[in-house]
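A quick write-up on the structure given underneath.
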Amino acid sequence: MRISQLEGKRVALWGWGREGRAAFAVLRQRLPALALTLFCPEAEAAAARAEAGNALQVRSDVSAESLAAFEVVIKSPGISPYGEAAVSAAAQGTQFIGGTSLWFAEHADAEGTVRDTVCVTGTKGKSTTTSLLAHLLRASGARTGLVGNIGLPLLEVLDPQPAPAYWAVELSSYQTGEVARSGAHPQVAVVLNLFPEHLDWHGSEARYIQDKLALVTGAAPRIAVLNAADPHLAALSLPESEVVWFNQPQGWHMRGEWVYRGEQRVFDTANTPLPGRHNRGNLCAVLAAIEALGLDAVALAPAVQDFRPLPNRLQTIGSRDGLRFVNDSISTTPHASLAALECFAGQRIALLVGGHDRGLDWHDFVDHMAHDVPPVEIVTMGANGPRIHALLQPLADAGRFGLHAAGDLEEAVRLARTALGEQGGVVLMSPGAPSYGVYRDYVARGRHFAELAGFDPDQITAIPGIGIA
């Protein structure tokens with residue numbers, strides 16, 4: 001649906017975060033006569049009224065009945081369409097869309113393709129991958145937009161002048177289905193990996209995978225760049241797309257620390273600024289996407305040396321009293337915590353895990369810790385801390401590792417310092433769980449960790465390269 005098609009319809013916004021405000025601004029500019037209603041919690045209502053004035057009717061009575069009064073509801077990504085009110089309203093004819101859907105519909109050409117656009121999704125590593133993609137495209141001399149879930153809503157860059165030559169768009173599982181619903185086709189879509197995530201939003205693991213894969217199964221990109229090592233992706237059949245595989249011998253893949261293109265040895269990643277082997281492996285996805293755009297990926301690969309890593313992703317924030325503090329606040333799955341551990345093999349580690357409990361299964365994490373354990377002290381914390389602690393307790397009793405229980409992050413950092421003691425080591429916060437309930441988001445959690453470690457949080461939070469440059 002294009003923005004012009006909203007004219008004359010009964011339209012509401014649902015959510016007054018940055019995405020909601022971006023949608024409001026665009027609609028006021030494009031359709032100034034359109035009457036708009038906003039649904040948001042009462043705690044946000046005063047701010048919305050102050051910002052929007054008389055241009056917006058603000059309501060907090062979200063229900064199936066109130067939503068069904070509108071033909072179109074533009075919802076913020078964090079609001080699940082699978083809640084009872086949304087499902088009931090949709091059954092009565094209300095159409096739910098998001099800013100992502102509007103942006104793609106506006107940018108599609110006559111054939112429905114959004115040219116020179118690369119969409120990136122995946123459970124783990126998508127932000128770093130999208131940022132690295134933009135970095136290498138800019139290294140080619142091309143003006144490039146780094147936008148989307150990484151921190152810049154698409155509707156904030158609906159019609160920039162001059163327009164970029166390329167768009168690098170990060171999409172969460174909340175947004176991938178929006179591309180499919182827009183009717184548009186990205187030129188290139190990259191899917192890195194799939195692990196259980198955001199089950200509270202999607203309702204089940206099966207639906208999470210279905211929604212995530214909608215970027216390639218529903219949106220039918222011209223070229224789909226897929227990870228051959230992921231079983232969910234390897235099983236896909238995409239007859240409407242050209243499929244390019246990475247992490248397989250015929251395509252871009254890693255051998256040791258080297259990146260190969262088929263049998264061609266291209267680049268040694270050992271001394272690159274990419275944090276973690278999984279991110280170095282995702283360089284293969286980036287190079288495959290760049291090649292899919294028709295550029296010389298082999299020539300651009302060395303520019304990774306100038307890449308600046310993103311905050312909150314295996315980010316070393318500093319060393320103090322013999323301890324190195326690493327902020328991996330973006331980690332919201334047990335698999336992400338395991339990947340973080342691998343980055344510090346052979347070092348003494350205090351691993352901080354736990355946070356919001358959304359029912360993810362930690363048994364794979366426990367099984368790994370039973371068989372492949374670095375010198376580690378594990379500190380559990382947060383709402384699901386006790387559950388994780390109980391699963392790990394038998395292994396700790398058997399002497400596999402040290403195990404400590406903390407009520408919150410402050411206590412966890414204190415216990416980590418004590419556990420590592422004068423011998424020093426790495427204090428690694430890789431929670432494997434969201435920050436909801438205690439922090440606004442993972443960024444706020446990362447800032448608090450930096451403060452507790454004794455560092456200035458303002459020095460660690462800026463995302464390099466975001467926007468159009």
- For the residue pair N227 and N247, confirm or rule out a side-chain donor-acceptor distance under 3.5 Å. yes
- Partners meeting salt bridge (charged side-chain N to carboxylate O under 4.0 Å, His left out) with E71 (sequence neighbours left out): R10
- Do the non-hydrogen side-chain atoms of S329 and M429 ever get within less than 4.5 Å of each other? yes
- Query: Partners of R30 by salt bridge (charged side-chain N to carboxylate O under 4.0 Å, His left out), sequence neighbours excluded?
  - Reply: E106
- Item | ring-ring contact (aromatic ring centres under 6.0 Å, His included) contacts in which one or both residues fall within residues 447-469, not counting sequence neighbours | Y439-H448
- Q305 side chain to P302 backbone, donor-acceptor under 3.5 Å: no
- Query: Heavy atoms, side chains only, cut-off 4.5 Å: are V413 and L409 in contact?
  - Reply: yes
- Kindly indicate whether the side chain of T129, heavy atoms from C-beta on, has any atom under 4.5 Å from the side chain of L192. yes
- Query: Using a distance-only test with no angle check, is there a side-chain donor-acceptor pair under 3.5 angstrom linking T37 and R59?
  - Reply: no
- Task: Determine the minimum heavy-atom distance between L310 and P464, stating which atoms define it.
- Result: CD2-CD, 3.8 Å
- By side-chain contact (heavy atoms from CB on, under 4.5 Å) - contacts of D306 (at least two apart): H135
- Query: Between V87 and P81, what is the shortest heavy-atom contact and its length?
  - Reply: CG2-O, 3.6 Å
- Classify the side-chain pair T333/K124 by whether it contains a donor and acceptor separated by less than 3.5 Å. no
- Message: My understanding is that only residues two or more places apart in sequence, or in another chain, count here; which of them pass salt bridge (charged side-chain N to carboxylate O under 4.0 Å, His left out) with D230?
- Response: none
- Honestly, is R207 close enough over Y82, meaning NZ or CZ under 6.0 Å from the six-membered ring centre and within 45° of the axis? yes
- Using the test ring pair (Phe, Tyr, Trp, His ring centres under 6.0 Å), find all partners of W16 that sit at least two apart in sequence or belong to another chain. F24
- Task: Go through the structure and list residues passing side-chain contact (heavy atoms from CB on, under 4.5 Å) with A184, not counting sequence neighbours.
- Result: F104, A108, V114, S182
- Please check if atom CZ in R308 has more than 12 non-hydrogen atoms from other residues, nucleotides or ligands closer than 6.0 Å. no
- Item | ring pair (Phe, Tyr, Trp, His ring centres under 6.0 Å) against W103, all qualifying residues, sequence neighbours excluded | H107, W167
- Under the ring pair (Phe, Tyr, Trp, His ring centres under 6.0 Å) rule, collect the residues that match up with F365, sequence neighbours excluded. W362
- Side chains of T272 and R280, donor plus acceptor under 3.5 Å: no
- Query: Does S88 reach the main-chain N or O of A85 with its side chain, forming a donor-acceptor pair under 3.5 Å?
  - Reply: no
- Looking at residues at least two apart in the chain, or sitting in another chain, which of them share a salt bridge (charged side-chain N to carboxylate O under 4.0 Å, His left out) with E19? none
- Between Y442 and R447: side-chain donor-acceptor atoms closer than 3.5 Å: no
- Query: How far apart are the C-alpha atoms of Q95 and M1, what are their side-chain angles, what is the distance that settles it, and do they pass the side-chain contact (heavy atoms from CB on, under 4.5 Å) test?
  - Reply: CA-CA 10 Å; Q95 184 175 358; M1 175 178 288; 3.3 Å; yes
- Query: More than 12 foreign heavy atoms under 6.0 Å from CD of Q5: is that the case here?
  - Reply: yes
- Using the side-chain contact (heavy atoms from CB on, under 4.5 Å) rule, take H335 and D364 through it: C-alpha gap first, then chi angles, then the decisive distance, then the call. CA-CA 8 Å; H335 293 91; D364 284 350; 3.7 Å; yes
- Query: For the residue pair T332 and L360, what are the closest heavy atoms and their distance?
  - Reply: O-CD1, 3.8 Å
- Message: If I compare all heavy atoms of L34 with all of G8, which pair ends up nearest, and what's the gap?
- Response: CD1-N, 4.2 Å
- Do you know which two heavy atoms are closest between L236 and T217, and how far apart they sit? CD2-CG2, 4.2 Å
- Set of residues satisfying ring pair (Phe, Tyr, Trp, His ring centres under 6.0 Å) with respect to W245, sequence neighbours excluded: none
- Side chains of V353 and S430: does their closest heavy-atom pair fall under 4.5 Å? no
- Query: Can you tell me if CD on E240 sees more than 12 non-hydrogen neighbours from other groups inside 6.0 Å?
  - Reply: no
- Closest contact, heavy atoms only, I317 versus A450: CD1-CA, 3.6 Å
- Which pairs pass ring-ring contact (aromatic ring centres under 6.0 Å, His included) with one or both residues in residues 29-80, sequence neighbours excluded? F39-F70
- Message: Could you tell me if the side chain of L36 sits less than 4.5 Å from the side chain of R28, heavy atoms only?
- Response: yes
- Task: Would you check if the side chain of T130 reaches a backbone N or O of K126 as a donor-acceptor pair within less than 3.5 Å?
- Result: yes
- Message: Between T117 and Q187, do the side chains contain a donor N or O and an acceptor N or O under 3.5 Å apart?
- Response: no
